[in-house]
Engineer: 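Just dropping this structure here.
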Amino acid sequence: MQAQPDILRQLFETQAFKVSPADQAFWYTSGKFGPYYVNTHFLFGSEAEAKQLLSIIDYNLNYPLGLARMIGVACVRQYHTCSCYRSTIDYLAQATEALNFDLISGGARRDFFFSFALAEKLGLEHLAILKDGSVYYSSPGLKSSRELKQGELAGKKVLHVADLITSASSYFRSWLPALDYVGAKISDTLCVVDRRQGGEDLLAQQGITLHSLLALSPEFFDQAEAAGQIDPGQKAQLLRFFEDPDQYMRAFLHDHPGFLEAEAQKDAKTAERVARFQELAGELA
């Protein structure tokens, strides 16, 4: 899958996709580490702008009837003022042209960065799904919001819009049960980035087709290298991680024997991650 050149460029410029130097790595919340980090919501314009909106989302999750008014309006405003964000939403809109659906849904929290703006661009109703399973409906124009009742959307087809797909665990834990509760059906889902870590296949087993703007793959890494966004050493690490994350970690520790000790000395948070990794190290043996 070839990524659009401007989307690829914007991923790196906003640091939505960040690659470590070949002799370093990023820690993940799982306690493992790898050569890249994805913060797709930075495509909102910048890290600072994305974090500001995320803080507004966090606040308004306590008052979900105001989500459409506060978050939706902010996204629409950003669409009209930020070319980076606008092009992302426009590409998402193009990706929907051959799909059949009635409403757009997005899940708390980062899906909202893209689902609200896409719904407004397409002139469709929006469903905000919270992690407790509640679903909040907003009309086109973001003029009204209300919580949906069981079976209220019987017969309606929903396109779920996500920022990032890994193993699709949020779908099975939260989004799909919530949509099923209100009676909606989903046959397609759309994301900005597919990490190619099993989510597409798991969704397909449930009859759901995944569509993405780009997928992290050898082809994407080739494009990034050709565009001068990564160097050959970084590409080699990305390919190794893509092929087998556990083998990547084993090889990285072999090639950088002092890595864990040096990381443990950085700060308390990193030291905790090193300790967590050492607890999991038996899985790599």
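Throughout, residue positions are numbered sequentially from 1 according to the sequence presented.
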Engineer: Ignoring hydrogens and geometry beyond distance, is a side-chain donor-acceptor pair present between Ser170 and Arg173 at under 3.5 Å?
Structural biologist: yes
Engineer: Mind listing the closest non-hydrogen atom pair of Asn60 and Gly66 along with its distance?
Structural biologist: OD1-O, 4.1 Å
Engineer: Could you walk me through whether Glu152 and Arg146 pass the salt bridge (charged side-chain N to carboxylate O under 4.0 Å, His left out) test, one step at a time?
Structural biologist: CA-CA 12 Å; Glu152 193 169 345; Arg146 59 186 175 83; 2.3 Å; yes
Engineer: Heavy atoms only: give me the nearest Ile165-Gly199 pair and the separation to one decimal.
Structural biologist: CG2-CA, 4.0 Å
Engineer: Say whether, by atom type as modelled, one donor and one acceptor occur between the side chain of Thr96 and the main chain of Leu99 under 3.5 angstrom.
Structural biologist: no
Engineer: Gln234 and Gln229: which non-hydrogen atoms are nearest, and at how many Å?
Structural biologist: OE1-O, 4.4 Å
Engineer: What residue pairs, at least two apart or across chains, pass side-chain hydrogen bond (donor to acceptor under 3.5 Å, both in side chains) with a residue in residues 11-27?
Structural biologist: Arg9-Glu13, Trp27-Glu263
Engineer: If you define the side chain from C-beta out and look only at heavy atoms, does anything of Leu148 sit under 4.5 Å from Tyr181?
Structural biologist: no
Engineer: Report yes if some heavy atom in the side chain of Phe277 is under 4.5 Å from a heavy atom in the side chain of Met249; otherwise report no.
Structural biologist: yes
Engineer: Taking atom types as modelled, find out whether Ser55 and Gln52 have a side-chain donor-acceptor pair closer than 3.5 angstrom.
Structural biologist: no
Engineer: Can Asp194 and His211 be said to form a side-chain hydrogen bond (donor to acceptor under 3.5 Å, both in side chains), step by step?
Structural biologist: CA-CA 9 Å; Asp194 175 11; His211 310 268; over 6 Å; no
Engineer: So do the side chains of Val19 and Leu238 get within less than 4.5 Å of each other, counting heavy atoms only?
Structural biologist: yes
Engineer: Is the closest side-chain heavy-atom distance between Cys75 and Phe44 below 4.5 Å?
Structural biologist: yes
Engineer: Decide whether Ser139 and Ser144 meet the rule of one side-chain donor and one side-chain acceptor closer than 3.5 Å.
Structural biologist: yes
Engineer: Taking only residues two or more places apart in sequence, or in another chain, which ones meet Thr189 in a side chain to side chain donor-acceptor pair (under 3.5 Å)?
Structural biologist: Tyr171
Engineer: Could you check if a side-chain atom of Lys157 sits within less than 4.5 angstrom of a side-chain atom of Ile186, using non-hydrogen atoms only?
Structural biologist: no
Engineer: In sequence, state the C-alpha distance, the side-chain angles, and the governing distance for Ser138 and Glu125, and then conclude on side-chain hydrogen bond (donor to acceptor under 3.5 Å, both in side chains).
Structural biologist: CA-CA 6 Å; Ser138 60; Glu125 298 144 306; over 6 Å; no
Engineer: If we only count heavy atoms from C-beta on, is the Tyr36 to Leu216 side-chain gap below 4.5 Å?
Structural biologist: yes
Engineer: Donor-acceptor pair, Gln237 side chain versus Ala22 backbone, under 3.5 Å?
Structural biologist: yes
Engineer: Run the salt bridge (charged side-chain N to carboxylate O under 4.0 Å, His left out) test on Arg109 and Asp163 for me, step by step, so that the C-alpha distance in whole Å, both residues' side-chain angles and the decisive distance to 0.1 Å come before the verdict.
Structural biologist: CA-CA 9 Å; Arg109 304 178 295 161; Asp163 71 318; over 6 Å; no
Engineer: Do Arg196 and Asp201 meet the salt-bridge criterion of a basic N to acidic O distance under 4.0 Å?
Structural biologist: no
Engineer: Identify the two heavy atoms, one from Leu142 and one from Gly72, that lie closest to each other, and give their separation to 0.1 Å.
Structural biologist: CD1-C, 3.4 Å
Engineer: State, to 0.1 Å, how close Ala178 and Ile129 come at their nearest heavy-atom pair, and which atoms those are.
Structural biologist: CB-CG2, 3.5 Å
Engineer: Looking at Asp222, is its backbone amide N or carbonyl O close enough to the side chain of Glu225 to form a donor-acceptor pair, meaning the two atoms are under 3.5 Å apart?
Structural biologist: no
Engineer: What do the steps show when you test Asp90 against Ser87 for side-chain hydrogen bond (donor to acceptor under 3.5 Å, both in side chains), and what is the final call?
Structural biologist: CA-CA 5 Å; Asp90 288 348; Ser87 66; over 6 Å; no
Engineer: Checking side chain to side chain contact (heavy atoms under 4.5 Å, CB included) between Val274 and each of Arg276, Glu272, Gln278, which is the one that passes?
Structural biologist: Gln278
Engineer: Return the set of residues passing side chain to side chain donor-acceptor pair (under 3.5 Å) with Lys51 (not counting sequence neighbours), or none when no residue passes.
Structural biologist: Glu47
Engineer: State, to 0.1 Å, how close Pro140 and Gly123 come at their nearest heavy-atom pair, and which atoms those are.
Structural biologist: CG-O, 3.7 Å
Engineer: Before we go on, tell me: are the rings of Phe113 and Phe42 under 6.0 Å apart, centre to centre?
Structural biologist: no
Engineer: Between Phe33 and Tyr28, does the ring centroid distance fall short of 6.0 Å?
Structural biologist: no
Engineer: Does some side-chain heavy atom of Pro64 sit less than 4.5 Å from a side-chain heavy atom of Leu130?
Structural biologist: yes
Engineer: Do Leu8 and Phe220 come close enough that some side-chain heavy atom pair is under 4.5 Å?
Structural biologist: yes
Engineer: Between Glu147 and Val135 (side chain of the first, backbone of the second, donor and acceptor by atom type, cut-off under 3.5 Å), is there such a pair?
Structural biologist: no
Engineer: Are Tyr248 and Phe242, when compared by the centres of their aromatic rings, separated by less than 6.0 Å?
Structural biologist: no
